[in-house]
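The structure appears below as structure tokens.
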Amino acid sequence: MSMKTESTSILRAGAAVALAFGIAGCGPGQEATSYEGPEVKTTFQTSQGWRPTLDIRADGVMVYSVTGNPPDSDGAGDGFEDKVKSWRDRGYVVQYMTGIAWGSYQDYFTGKWDGRRHMDEGQVDAQGDTIWHGPLVPYIVPTENYLRYIKEEHVRRVIDNGITELFFEEPEFWAKSGYSDAFKAEWKKFYGFDWRPQHETPENTYLSNKLKYRMYYRAIDEVCTYAKEYGRSKGLDVRCYVATHSLLNYSQWQIVSPEASLASLPCVDGYIAQVWTGTSRQRNFYNGVEKERTFETAYLEYGCMESMTAPTGRKMYCLTDPIEDGDKDWLDYKLNYQRTFTAKLLYPGVANYEVMPWPERIYEGLYRVSLDSDERTTIPRHYSTQVQLMTNALNRMPLSDNKVSGTQGITVLMANSLMFQGFPEHQGCEDPRMSNFYGQTLPLIKAGIPVRTAHLENLGFKESLAQTRVLILSYSNMKPMEAKPHKYIADWVKKGGILVYTGRDDDPFQTVCEWWNRKGNSFAAPSDHLFKLMGIPEGAAEGTYAYGKGTVCVLRHDPREYVLTEGGADEYVDKIAELYPGTVEFKNHFYLERGMFDIAAVLDESVSGEPLRIEGRLIDVYDNTLPVCSVKELSPGQQCLLIDVNRVEDPSVPRVLAAAAREYDEKVTDNSYSFVCKSPVRTTNVARILLPVRPRSVKIAGEEVFDESEWDEFTHTYRITHENNPDGVTVEFEW
């Protein structure tokens with residue numbers, strides 16, 4: 001994960017890009033290769049070697065690049081093997097991460113690698129300026145030569161060090177780029193006619209962004225395929241992942257990336273969902289009000305990623321960050337961390353996590369003590385304790401078949417082409433703050449409906465719509481890149497599905513040079529092709545139509561109209577409720593049980609201002625003191641992560657339920673329980689330990705510390721507090 005920075009300098013980009021454009025269609029590809037290495041549930045990324053302030057005790061660590069991370073590396077590349085060894089010596093499974101569209105590749109750009117400078121391979125905007133990620137780090141046009149460098153100088157070295165899990169981060173092409181000589185050459189090669197400036201017409205914009213998307217698809221395919229083949233030559237099963245922002249965020253930030261299409265590649269084993277405060281606090285509209293809605297946006301972002309991978313069986317890690325790139329204060333970081341953290345836990349089919357990026361900046365960086373002060377400090381003890389409580393909760397978080405409370409089976413369709421229409425803005429294409437997407441989703445979320453998303457690119461997987469009862473589609477802000485998804489939608493409706501199509505179909509992108517209006521097709525809009533498959537008139541008027549056992553409801557409003565004005569969503573939500581085959585539950589909260597955990601969020605701007613009341617024998621994980629209670633009340637805008645001791649499996653067995661350190665070497669006898677706990681230095685451990693009876697002795701590091709007041713009879717837990725040590729602190733109980 002990186003901060004999206006850009007600066008400009010007038011440089012011409014001119015290297016050729018050799019591009020293979022075969023893209024997997026709308027359906028399953030080959031299965032990813034088998035893997036026999038250690039499984040990693042939790043991991044994090046760092047450009048540093050092990051040191052006691054960074055020992056956060058996840059299962060794995062992604063050592064970043066053989067040359068470090070651009071903000072803190074000069075690209076010299078020294079010490080990679082030493083960094084790998086330092087983490088392995090501390091018991092971590094070492095993985096690898098590097099940027100694919102940018103990185104500390106100064107040896108490539110300055111000519112040290114092959115004797116020729118490559119500064120002209122950066123992405124270039126309309127003014128002829130290179131788009132920079134950092135000093136001497138341009139965003140890259142993925143040329144054949146550049147990909148050869150990545151394979152030979154990075155992938156080989158990593159696999160030669162016995163690392164078998166590789167993460168390629170952020171395959172990104174800025175929408176405002178596309179003016180380099182290399183890009184122009186690939187345009188001619190792919191489209192068969194000369195390059196056209198994207199700012200001149202909507203069609204040029206669409207074609208330009210479609211090409212950018214395909215170029216990084218090809219880059220990921222080539223590099224990951226090479227990694228697997230090279231690994232096999234060394235007798236290793238290599239797994240490759242793509243760390244990427246959500247489709248929603250890239251569309252908002254006007255970046256183009258392959259996204260869902262990668263899930264069908266046999267060389268891609270999964271993703272990291274790069275969602276954090278910085279992506280989720282992007283402002284959006286609802287009920288005519290523009291503001292940050294961090295929880296709701298994060299919920300949709302994680303949903304974009306979950307729906308992208310779940311039908312394919314690929315593995316996904318969810319990321320959160322206890323801080324963010326923006327210069328805020330510690331309280332802002334804490335509140336938004338809880339919002340994004342809660343959102344990701346509401347996807348019970350995902351239980352792998354990148355627990356944080358860059359612990360060096362979290363535990364060692366200086367940030368504001370308050371928004372109205374310039375004073376800066378390292379992470380406060382109470383917050384580092386909370387971060388570690390939440391991190392260790394992820395180590396225990398189970399998969400679950402439970403569902404988030406509320407009406408199930410309402411799905412909104414997405415497509416990669418959401419990234420194609422945002423920049424530059426053309427007349428008739430106005431879409432403030434991605435309101436055509438949020439108009440379909442936010443009104444349902446605010447009504448307490450756990451709406452899901454599905455991707456046009458994945459409809460060939462039968463699981464994509466298996467749980468869907470009402471499917472919502474609009475081509476106001478995206479277009480289908482091929483005809484095949486329409487067949488899947490039509491077949492689904494014919495079998496009894498309910499489709500709601502909402503859009504005026506009058507934006508200029510409806511008439512771009514695409515499959516629905518060429519090679520024998522002459523549809524005025526892509527929706528007309530779908531309607532024809534279902535026996536509905538082209539340009540269908542607003543109304544309800546039957547097809548087979550199913551129903552199609554056409555609404556002739558662009559979805560942005562539902563959120564840009566006060567009360568604009570009422571008719572839309574009422575229509576969904578009318579069509580839904582059953583009773584729709586309207587409420588102001590989401591609630592989920594995952595094993596012993598309760599996860600909940602209460603929404604503001606919702607159907608009521610009532611608090612949510614949760615009862616049980618509860619431990620509050622979002623409070624660094626780990627208080628216990630029988631009732632937890634949440635007001636609108638609040639979230640919680642609780643442990644309900646009533647749902648602990650076999651409560652007669654002593655165990656750590658919550659801790660700001662990770663326990664090792666557990667030993668249980670008839671009258672004792674002991675373990676060693678480890679966590680970063682200069683942090684405080686607070687833990688609650690479930691015991692069969694009140695202890696008579698509690699020792700920490702050999703010192704008797706029993707305190708009657710720390711025993712809670714209601715939950716049968718004892719709370720300990722002590723300073724952390726990455727070398728371990730021994731804790732012993734006797735009763």
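No experiment lies behind these values; they were computed from the predicted model shown.
- The number of heavy atoms from other shown groups lying within 6.0 Å of NZ (Lys487) does not exceed 12.
- Glu360 and Thr46 are linked by a side-chain donor-acceptor pair at a separation below 3.5 angstrom, with hydrogens and angles left out of the test.
- Side-chain polar atoms of Tyr226 and Arg148 form no donor-acceptor pair below 3.5 angstrom.
- A salt bridge is absent between Lys532 and Asp528; no separation between the charged side-chain nitrogens and carboxylate oxygens falls under 4.0 Å.
- By the ring-ring contact (aromatic ring centres under 6.0 Å, His included) test, His426 pairs with no residue at all, sequence neighbours left out.
- Here His486 and Trp515 bring their ring centres to under 6.0 angstrom of each other.
- Closest non-hydrogen pair, Glu306 versus Pro311, comes out as O-CD, 4.4 Å.
- Note: Tyr108 and His118 have parallel aromatic rings, judged against thresholds of 30 and 60 degrees for the angle between ring planes.
- A search for ring-ring contact (aromatic ring centres under 6.0 Å, His included) contacts involving Phe531 returns Tyr501, not counting sequence neighbours.
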Query raised in the report: Which is it for Glu165 and Thr43 under the side chain to side chain contact (heavy atoms under 4.5 Å, CB included) test, yes or no, and what are the steps along the way?
Result: CA-CA 11 Å; Glu165 291 198 313; Thr43 187; over 6 Å; no
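- Taking the six-membered ring where tryptophan is involved, the planes of Tyr250 and His245 are essentially parallel, since the angle between them stays under 30° and well short of 60°.
- Phe109 is linked by a ring-ring contact (aromatic ring centres under 6.0 Å, His included) to nothing, counting only residues two or more places apart in sequence or in another chain.
- Tyr105 and Thr98 are linked by a side-chain donor-acceptor pair at a separation below 3.5 angstrom, with hydrogens and angles left out of the test.
- Between Asp160 and Lys234 a salt bridge is recorded (basic side-chain N to carboxylate O distance below 4.0 Å).
- By the 30° and 60° cut-offs, the orientation of the rings of Trp187 relative to Phe193 is perpendicular.
- What you find for Thr277 and Asp321 is that their closest heavy atoms are OG1-O, 4.4 Å.
- The heavy-atom pair separating Ile489 from Leu456 by the smallest distance is CD1-CD2, 4.1 Å.
- Salt bridge status for Asp325 with Arg361: present, with a side-chain N to carboxylate O gap under 4.0 Å.
- With 3.5 Å as the limit, one finds a donor-acceptor pair spanning the side chains of Ser208 and Gln198.
- Side-chain contact, Asn416 with Glu457: a donor N or O sits under 3.5 Å from an acceptor N or O.
- Across all their heavy atoms, Val268 and Arg314 have their closest contact at O-NE, 2.7 Å.
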Report task. Please report the C-alpha distance between Val84 and Phe80 in whole Å, then the side-chain angles of each, then the deciding distance to 0.1 Å, and finally whether the side chain to side chain contact (heavy atoms under 4.5 Å, CB included) criterion is met. Result -> CA-CA 6 Å; Val84 170; Phe80 174 71; 3.8 Å; yes
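- Side-chain atoms of Gln440 and Ser474 include no donor-acceptor pair closer than 3.5 Å.
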Requested in this report: Test side chain to side chain contact (heavy atoms under 4.5 Å, CB included) on Met215 and Phe183 and set out the steps.
Outcome: CA-CA 10 Å; Met215 290 172 74; Phe183 188 80; 3.9 Å; yes
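- Checking Gln252 against Tyr438 by side-chain atom types alone, a donor-acceptor pair falls below 3.5 Å.
- Panel note: side chain Gln123, backbone Ile140; a donor-acceptor pair is recorded below 3.5 Å.
- With hydrogens and angles left out, the side-chain atoms of Thr340 and Thr320 include no donor and acceptor closer than 3.5 Å.
- A donor-acceptor contact closer than 3.5 angstrom is absent between the side chains of Asn249 and Gln282.
- In the model, Tyr213 has a side-chain atom that pairs as donor or acceptor with a side-chain atom of Ser261 under 3.5 Å.
- Leu465 and Ala454 get closest at one heavy-atom pair: CD2-CB, 4.1 Å.
- With Tyr139 as the partner, the ring-ring contact (aromatic ring centres under 6.0 Å, His included) test is satisfied by one option alone out of Tyr146, Trp174, Tyr216, Trp132: Trp174.
- Distance check: Glu301 CD to Leu248 CG gives 5.5 Å after rounding to the nearest 0.5 Å.
- In terms of heavy atoms, Phe285 sits closest to Pro432 at CE1-CB, 3.9 Å.
- Taking the six-membered ring for Trp and the full ring otherwise, the centers of Tyr317 and Phe167 sit less than 6.0 Å from each other.
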